[in-house]
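Order of listing sets the numbers, starting from 1, for every ligand and every atom in it. These numbers come from a predicted model, not from an experiment.
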Amino acid sequence: MTSGGDAPGMNAAIRAVVRACAYHQLDCVGIYRGYEGLIAGDFISLDARKVRNIVNRGGTILQSARSKEFMTKKGRAKAYEQLRKAGVDALVLIGGDGTFTGGMVFHKEYQVPCIGIPGTIDNDIFGTNYTIGYDTALNTVVAAIDKIRDTASSHNRLFFVEVMGRDAGFIALNAGVGAGAEEILIPEEDLGLERLLESLKRSKRSGKSSSIVVVAEGDKTGKNVFELADYVETNLSGYEVRVSVLGHMQRGGTPSCFDRVLASRLGVSAVELLLAGKTNLMVGIINDQIHTTNLEKAVKGHHNIDKGLLRVSDIMSI
Ligand code: F6P
């Protein structure tokens with residue numbers, strides 16, 4: 001199943017799980033809409049041919065949801081009954097924190113073997129250097145900011161670009177550096193509004209006529225991106241300010257090669273871990289090697305951002 005926010009590359013992961021099952025002569029069913037479909041018994045039998053032509057498709061053919069009902073004991077009892085009826089004896093869960101928390105609780109209550117595969121554009125999962133969808137989202141954001149840069153420089157404007165990342169600044173920081181942003185505001189670091197103004201003033205003095213500030217959804221200034229833009233426009237003369245919220249377009253689109261390869265590796269590993277009798281683990285990638293982490297640790301641990309990149313960004317925006 002795929003669950004939580006969708007991410008490009010989820011289809012490649014579904015395909016990898018299904019084909020690894022076919023390779024090992026295991027029956028495989030897909031569950032629609034994450035835990036919602038699990039509770040409803042909304043399953044589809046999947047063989048190797050049913051997942052053709054999806055390696056290149058964004059979204060998820062199994063669809064996704066965030067299920068409130070699965071958070072209740074009653075909901076999970078229904079889900080277990082559906083699994084029992086369908087003769088399903090192991091789960092591969094593709095998603096993020098919420099998905100893995102569900103798997104952990106379900107495993108504790110019903111001992112259903114489960115393996116998690118990290119799929120979220122946010123890259124905020126402990127136990128893996130990369131989550132499926134993150135690389136594609138970065139490229140989408142960089143391509144969008146490149147376009148914004150064209151119009152920003154044509155009009156001498158200062159743009160605030162909001163990117164996804166409720167709790168994590170991976171997208172903002174890495175896409176910000178990649179797209180040459182002037183300033184990057186992330187949830188992990190409160191740089192303060194004064195510093196932002198100072199930096200923009202310095203840029204102006206040094207001869208820059210347009211600038212781009214990348215803001216993660218969950219940044220620490222306490223202001224949303226529109227309030228931030230107003231604040232800067234009021235306190236900084238000489239720039240015309242505009243806001244662009246990239247929104248859900250960051251979650252869509254053709255997965256990058258990196259995400260497809262990652263999804264294929266993790267999908268095969270997930271099935272082979274289950275075959276080896278392993279359970280309650282997330283399979284990720286560390287230093288390009290497959291790495292497993294207890295689901296609880298994956299949920300509770302913190303994937304730290306590389307703050308050294310903030311310094312790189314500062315130096316680049318001199
Ligand atoms: O978890 C992935 C994510 O894309 C976050 O970055 C974002 O805040 C959230 O999903 C948006 O979720 P929804 O699709 O419910 O609006």
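Between Thr128 and His291, the side chains place no donor N or O within less than 3.5 Å of an acceptor N or O (distance only, hydrogens not considered). No hydrogens or angles considered: nothing links the side chains of Asp6 and Thr60 as a donor-acceptor pair under 3.5 Å. Counted by atom type alone, Glu182 and Ser203 present one or more donor-acceptor pairs between their side chains at under 3.5 Å.
Classified by interplanar angle (parallel below 30°, tilted 30° to 60°, perpendicular above 60°), the ring pair Tyr35/Phe70 is parallel. Using a 30° and 60° split on the angle between ring planes, Tyr130 and Phe258 fall in the perpendicular class, above 60°.
Summary of contacts: the protein heavy atom closest to atom 6 (O) of ligand 1 is Asp122 OD1, 2.8 Å. Of the protein's non-hydrogen atoms, the one nearest atom 10 (O) of ligand 1 is Arg251 NH1, 2.9 Å.
Counting heavy atoms only, His248 comes closest to atom 16 (O) of ligand 1 of the residues Glu217, Met164, Gln250, His248.
Taking 4.0 Å as the cut-off, Gly165 counts as a neighbour of ligand 1 on heavy-atom distance. At least one heavy atom of Arg66 sits under 4.0 Å from some atom of ligand 1.
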